[in-house]
Each structure stands twice: as C-alpha cells, then as structure tokens.
Protein chains: 2
Amino acid sequence: MFHPVDLIIRKRNGDALSAGDIHALIDAYTHGKVPDYQMSAFLMATFLNGLSSEEAAALTESMLHSGIVLDLSDIPGLKVDKHSTGGVGDKISLILAPIVAACGVPVPMISGRGLGHSGGTLDKLESIPGFSVNLDIPTYREQLRSLGIVMIGQTDEIAPADRKMYALRDVTGTVECIPLIASSIMSKKLAEGIDGLVLDVKCGKGAFMRTMEDAEKLAKTLMDISVAFGKSVVAWITAMDQPLGYAVGNWLEMEESIRCLQGEHIEDLMELTYTLAGEMIFLGKVADSPEEGRYLAEKAVSSGAAFEKFVQLVDIQGGDVHVVKNPDSMPSATMQETIHAPEAGYVYSVDSLSIGKAAVQLGAGRRTKEDTIDPTAGIILHRKEGDYVHPGQPIATLYTNQHVHIPGVAADIKNAFAFSKEKPEARPLLMNRYATIL
Amino acid sequence: MFHPVDLIIRKRNGDALSAGDIHALIDAYTHGKVPDYQMSAFLMATFLNGLSSEEAAALTESMLHSGIVLDLSDIPGLKVDKHSTGGVGDKISLILAPIVAACGVPVPMISGRGLGHSGGTLDKLESIPGFSVNLDIPTYREQLRSLGIVMIGQTDEIAPADRKMYALRDVTGTVECIPLIASSIMSKKLAEGIDGLVLDVKCGKGAFMRTMEDAEKLAKTLMDISVAFGKSVVAWITAMDQPLGYAVGNWLEMEESIRCLQGEHIEDLMELTYTLAGEMIFLGKVADSPEEGRYLAEKAVSSGAAFEKFVQLVDIQGGDVHVVKNPDSMPSATMQETIHAPEAGYVYSVDSLSIGKAAVQLGAGRRTKEDTIDPTAGIILHRKEGDYVHPGQPIATLYTNQHVHIPGVAADIKNAFAFSKEKPEARPLLMNRYATIL
C-alpha cells in the first residue's frame with residue numbers, strides 16, 4: 001500500500017526512492033490524492049537532501065507521462081529544440097529557431113514566460129501584434145510538418161504534474177534546486193517529441209546558476225536525463241554577466257532579433273546564436289559537424305532564408321507581418337530617458353541582474369502573476385563591457401509608460417555600470433561544451 | 001510586509017529567524033492566513049536545519065500565546081507538574097500526582113493520549129468507568145484549589161497553534177525533531193500556569209529518543225525553554241529499554257498503579273516515582289531537598305494519604321470509586337493467552353518497543369486516529385530483566401478481545417524476550433539529572 005508519509009520520511013532521511021515510489025507519489029499528487037502540504041514537505045526534503053540521477057530521471061518520467069507525449073516520428077527529419085536556463089537580453093531563440101528551420105531541421109519549440117528578472121520567449125513573441133502562442137496540438141503538429149517551425153507555450157495537456165508542482169515550488173521556497181529544475185525542464189522538452197536537444201546553461205550574475213560549479217551540475221543533470229530517455233544532447237555553459245546584445249525588453253528584443261535575422265552582426269548575440277544553431281543542425285543530421293552546421297546557419301542568414309522563414313512563422317501564427325518587415329512602424333513607449341556616463345573610462349561590467357530587475361520595474365516583466373506585460377518597455381544599452389566612454393556620453397536609454405518609476409530605475413541602471421581606467425580583459429561568452437551523441 | 005516564502009527560504013538556507021519572524025508566521029498560520037503547504041515546507045526545513053535555542057523559545061512563546069495562558073497565582077502554593085516524553089508501561093503520573101498532591105504541592109496536570117507504541121495518561125485515566133478528562137477551565141481551577149490535584153486533557157483553548165501544527169507534522173514526516181518536540185511540549189506545559197516542572201526524558205529502545213546523545217539534546221532544549229520562561233526545572237534522563245513495572249495496557253496499568261498507591265513496592269516503578277515525586281515536592285518548596293521530598297513521598301504512600309487523594313480525584317472527576325477500591329471487580333478482557341519461556345536462563349532483555357507495539361495490536365492503542373481503545377487490552381509481564389526462568393514457565397500473558405491477533409502477537413511478545421546463561425549486569429534506570437532552580 002502507498003503511504004506518502006513513508007516516502008517523505010525516506011527522502012528526509014536521505015534515502016533513495018525507487019522509480020515506482022516516485023511514480024506513485026507524482027501520480028497520486030497529480031490526481032489530487034496527495035495534498036499540497038505533503039508534496040511541499042517532500043519538495044523541501046528533496047531540496048535539502050537532493051535526488052540521485054536515477055531519481056531525477058524517474059521524476060522526469062512521472063511528470064512527462066502525467067500528460068500527452070507527442071510522437072512526431074511521422075514528420076520527416078530529426079526534430080531538434082534548444083532550451084536556455086534563462087538570462088537577460090536572451091533573445092537567442094527568436095533568431096536561432098528560424099535559422100535552423102531554414103536549414104531543414106524541424107524545430108518544435110515549446111517555450112516559457114518571463115520569470116523574475118529573466119525574460120521569456122513567449123512574452124517576446126507576443127510583442128508582435130496578433131501573434132498567438134496558444135495553438136492546439138493538431139495545429140502544432142501540422143505547422144511543424146508544413147513550415148518546419150512552430151513556437152508555442154506549454155498547453156494544459158503537456159506535463160500537468162510539472163505545472164502543478166512548479167506552482168507549489170514557487171510559493172514554498174523550493175525553486176532553486178538543481179534536480180527539480182532539471183526534471184521540470186526535461187519533462188516539458190521530452191513531451192515535445194524531439195530527437196535531440198541543445199542546452200544553453202547560463203552562468204553568472206544574471207543567471208539562476210551563479211557559479212560554474214552549479215552550472216556544471218545543472219548541465220550534467222539535464223544531460224543525464226536526456227540520455228536516459230535516448231535523446232542526443234549538447235550543452236554549452238555560457239556567460240550571463242552582462243545582458244546579451246543591447247536590447248532588454250520584449251519588443252525591443254524582438255526588433256533587435258529582426259535586425260540580426262536581416263544580417264546585422266551583433267557580436268555576442270550572433271556568436272552564441274551561430275554556435276547553438278550549428279549544434280542543432282548537427283544534431284538534426286543536416287550537417288556532419290557543429291562547424292558545418294554553423295556555416296549553414298551563417299549562410300541561411302546572409303541568403304535571407306532565415307528571415308523569410310521567420311516572416312512565414314509570424315504570418316501563420318497570426319502576427320502582424322507588416323510590423324516585422326517595418327519595425328519602425330511599431331509605436332515606442334511614451335517615455336524615454338537616457339542615462340549618461342558619470343566619468344571617463346572603460347565599461348568594466350554591466351550587471352545583468354540589475355538591468356533585468358530594472359526592466360521589470362519599467363513594465364517589461366511581471367512582479368506578480370497577475371501583472372500584464374508592457375511590450376514596449378525596456379532598456380537599450382549604448383555601451384557594453386570593454387567599450388570606452390567619455391563623461392556625459394549616453395550609456396543606456398530606458399523605455400516605459402509608467403512615469404512614476406523613472407528616477408529610481410535610472411539610478412539603478414546607472415549603478416549597474418562599473419567603469420575602469422584600464423580596458424578590462426574580454427571574458428569568454430562560450431565557456432564549456434559537453435555532448436552525448438547517441 | 002510579511003512574506004511567508006521569505007521565512008521558508010531563510011530557514012531552508014540555514015539562517016536564523018528573529019522572534020518577530022516566528023511570531024508572525026505562527027500567528028498567520030493559526031489564523032489560516034498561511035496555508036498548510038507553506039507551513040509543512042517550513043517544518044521540513046526546520047527538521048533538517050534545526051532551530052537555535054532562541055528560535056525554539058520564540059516558537060514556544062508563539063504557540064503558548066496562541067491560546068489562553070492560565071494564571072494560577074491566586075491559588076496558594078507553588079504549582080508543579082511532571083512531563084514524560086513517553087514510554088511503555090509508563091504509568092508514573094498516575095501514582096506520582098496523588099503522592100505529590102498529598103504532600104501539599106498543587107499538581108495541575110494536562111496530559112496527552114497514547115502515541116504510536118507509547119501509552120497516554122488520559123487513556124489510562126479513562127479506563128476507570130466514568131472518569132472524565134474533559135473539564136472546563138473554571139472547573140480545572142476550582143478543583144486545583146479545593147483538592148490540590150486535577151488531571152485533564154488539552155482543551156481547545158490551550159495552545160491551538162500547537163494542536164494544528166502537531167496534526168500537520170504527523171502527516172508530513174516532521175514529528176521526530178527535537179526543537180519541534182520541545183516547543184510543542186513546553187507550549188502546553190507553560191499554558192497550565194505552573195511554577196516548576198520535572199521532566200522525565202526517556203532514552204532507549206522503547207523511547208522516541210534512542211540514544212543518550214538525543215535524550216540529552218532534548219532535555220537541554222526543554223530546560224532552555226523552561227528557564228527562558230522563568231520556570232525552575234529538573235530533568236532526569238531515564239532508561240526505557242524494558243517496560244516500566246509489569247503491566248502494559250490502560251486498565252492493567254491503572255490496576256498496577258492502584259496497588260502501588262496502596263503500598264505494593266514494584267522496584268523500578270517506585271524508584272522512579274519516588275525520585276520524581278521528591279523533585280516535585282522540592283520544586284514546590286514543601287521540602288528543602290529532593291531527598292527530603294522523596295522521604296515525604298514515601299510517607300504519603302505508607303500513611304495511605306496518597307491513595308486517599310487518588311480516590312478523591314477519581315470521585316470528583318466522575319470516576320467509579322468502587323472499581324478503584326476493588327480493582328478485581330473490573331471485568332477482564334475475554335481472551336487471555338500465556339506465553340512460556342522457550343529455554344532456561346536469565347532474561348537478558350525485554351524489548352519495550354516490541355511490547356508496546358504488541359499492546360497496540362491487542363487493542364490498547366490506536367493504529368489510526370479513528371481507532372477506539374480497548375481499556376482492558378494489554379500485556380502482563382511475569383519476568384523482567386535479570387530474572388531467572390525455567391523452560392515452560394510463564395513469561396507474559398496477553399489480554400485482548402480481538403481473537404484474530406493472538407497468534408501473531410504472542411510470537412512478537414515471545415521474540416521481545418532475550419535470554420542468557422549468565423545473569424546480565426543490572427542497567428541503571430535513573431541515568432542523568434540536570435536542574436536549574438530559579
């Protein structure tokens with residue numbers, strides 16, 4: 001007989017649970033037979049005592065099979081997705097998915113919303129007027145077959161146990177736990193019907209994993225689960241100290257992504273985009289190596305094929321194609337304020353956590369679940385790490401429709417910049433790569 | 001502003017909480033403003049990360065003041081109570097309270113019910129037909145004034161936060177946690193209006209604290225809280241390897257207690273009773289030393305004053321005085337089975353945990369909260385540690401009205417006895433004493 005208290009006590013005591021134990025617990029919880037108060041005690045015991053890789057795989061499997069698991073094998077090609085653990089200015093998915101699809105690798109992408117100081121792909125897509133991220137499963141499947149790309153949000157049918165557990169973790173102090181994070185991510189990704197996965201595990205001030213040690217642990221946990229489910233996986237640990245690119249905020253990031261898809265080369269953004277796109281094209285077996293994949297990705301941008309794929313994606317999901325082709329036609333936020341350099345020198349660092357939090361204050365993110373997002377709010381950086389600046393030159397501009405926040409937020413943004421007399425050594429963006437190709 | 005998640009996270013991270021934090025949390029929980037699922041996450045974090053003595057005192061205070069705190073200062077004399085952490089055959093309160101009251105120290109005793117394998121004073125009192133443990137507070141106060149002794153159960157008005165938390169701990173794997181146990185005990189004891197407290201912290205196989213280290217930790221935590229509230233306290237750590245006395249089960253223990261009050265000397269039982277009674281009489285300042293207190297206690301038994309006090313107690317709380325004066329008139333359990341020694345030798349040990357569990361099986365305790373107790377069920381031991389036994393001689397008799405359990409339970413009881421060729425060295429019953437007299 002199944003006694004939830006016994007499982008809680010065993011995890012509390014640091015003992016390992018069997019796959020059957022975990023399955024019984026998650027199944028009972030999903031069906032309302034284990035109350036929240038028992039699950040939260042279990043989650044706290046898990047937070048403090050951890051999960052083995054076998055336990056994390058069993059948890060993933062239980063959450064995965066709490067809902068539908070898509071079988072996309074009737075659609076030609078190896079389906080590949082990318083997941084980022086969340087950063088500031090991280091609009092990579094917007095640029096990368098059309099590139100990879102343009103190269104012939106089907107991309108079935110189910111994304112999330114902004115969380116705390118980090119933005120979310122869904123919120124950025126919805127900054128295009130009319131764009132719908134709520135497709136039903138038959139439409140999702142049909143669009144992947146016809147267009148080779150689909151970008152939606154998690155539906156009720158996908159990993160409902162994860163959705164229920166995630167909401168509980170959020171209010172019980174059990175979010176920042178590597179095996180729980182990994183199981184949550186992987187249960188949703190595996191439900192998509194992918195053949196391979198590229199992971200961008202962020203590390204640094206603006207990431208959920210602050211240290212290389214934690215980022216490596218998360219990458220390893222994610223990869224272990226992926227491999228346990230027979231999916232090839234590549235993980236890159238990448239820096240999240242300063243924001244990626246210059247734009248932070250939903251439409252501002254979309255506009256920057258459009259320019260990149262049209263060929264503008266923003267160094268950090270496109271370096272990361274091409275690297276991850278190359279890995280995806282390689283996992284999709286359209287290229288024989290990540291390097292060849294990268295070459296194909298660059299060609300898809302320069303030929304215009306990637307932008308064309310993006311326009312088709314926007315069109316089919318109901319978005320305003322005119323705005324995408326003419327980003328200047330989108331009205332800006334009503335209030336803008338430019339922040340100027342207080343001194344001469346090199347930008348030593350731009351604290352992405354502070355920038356991300358400032359963007360939330362301006363309306364680009366949610367402070368409570370009920371908040372609505374202002375798509376035009378955000379921050380444009382004019383200088384990044386290593387740039388020289390004279391006193392009084394602009395370093396950032398904030399965009400908002402909420403007047404009351406401007407003075408405080410302007411000060412926060414200014415404080416996010418640190419300056420030095422000497423040019424700082426460039427820090428690597430792409431740090432470590434791990435791969436298991438099955 | 002009060003954010004319960006922040007407090008959960010701080011305790012999860014091993015940080016200390018302020019008294020204000022703990023008070024806000026407990027107050028909000030008691031009033032239904034913090035849901036069970038947040039409290040259970042907090043309790044598990046507390047279980048695994050502990051509480052400082054300041055935190056335990058603050059938790060006790062919050063639970064204490066969640067209900068009424070009795071002020072008995074208008075009743076003459078120093079009020080003293082005893083608390084035992086629970087054992088098998090532990091009927092000490094039944095014998096000790098009348099003795100101490102007969103010596104002139106008022107005893108306001110609020111007791112608990114049986115928990116797991118350990119018995120509860122309330123269940124034993126209720127084995128006397130008619131005895132009511134549910135008195136209202138004015139009656140409790142009046143009886144203490146007139147008779148110098150009152151024995152009741154926890155009312156809804158006393159420490160409701162503890163009652164709510166305890167029920168939650170029971171179903172979330174957070175029971176066996178020293179600071180939570182200590183705060184729970186002390187919040188109830190302090191609400192009684194006592195001036196001093198004697199603690200009997202059990203240690204051994206049949207106790208909740210198995211090791212001397214844990215027992216000392218619990219004793220220290222209980223004493224720290226007592227002293228923080230300005231109450232003199234004496235703690236004895238006592239052995240709970242074999243049951244106390246010969247009887248286990250509610251009426252069986254009551255009958256043994258009556259015989260002791262009438263002057264029968266059962267070695268371990270009366271040694272512990274007189275020691276603890278001596279401490280209480282000393283704390284009540286009727287004696288100048290625990291030794292003098294013990295002398296008075298022995299005199300109260302031999303003079304018949306203690307038994308007379310007990311008869312008055314039974315009478316005033318509605319119990320059948322005839323049964324108490326003539327225990328043989330109480331009908332026995334319908335089924336009895338005697339277990340015989342399988343070999344010759346000395347009884348090396350009698351496992352109190354197994355005996356306690358066997359008694360529960362026979363009907364003397366509850367397996368679920370809904371179970372009712374059979375007052376006549378239980379076990380009488382015929383031999384204890386160090387006794388010599390010939391093959392086939394009786395070692396125990398079980399009493400029950402539930403036929404189905406007899407064969408299995410008889411085997412368990414037999415297995416609870418271990419034998420040796422050599423006479424085992426006597427193990428001390430009274431182990432360590434700690435006292436803080438204010």
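Residue numbers start from 1 in every chain, and the chains themselves are labelled A, B, ... in the order their sequence lines are given, proteins ahead of strands. Since we're looking at a predicted model, the values are computed, not measured.
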Under a 4.5 Å heavy-atom cut-off, does chain A meet the side chain of N49(B), its backbone, both or neither?
side chain
Are V175(A) and Y166(A) close enough that some pair of their side-chain heavy atoms sits under 4.5 Å apart?
yes
At a heavy-atom distance under 4.5 Å, which candidate from I9(B), D170(B), D36(B) has the highest pair count against chain A?
D36(B)
Within 45° of the ring axis of Y29(B) and under 6.0 Å from its six-membered ring centre, is that where the NZ or CZ of K164(B) lies?
yes
Are L59(A) and M165(A) close enough that some pair of their side-chain heavy atoms sits under 4.5 Å apart?
yes
So I181(A) and M209(A), do their side chains get closer than 4.5 Å, heavy atoms only?
yes
Side chain, backbone, both or neither: which part of L168(B) has an atom under 4.5 Å from a heavy atom of chain A?
side chain
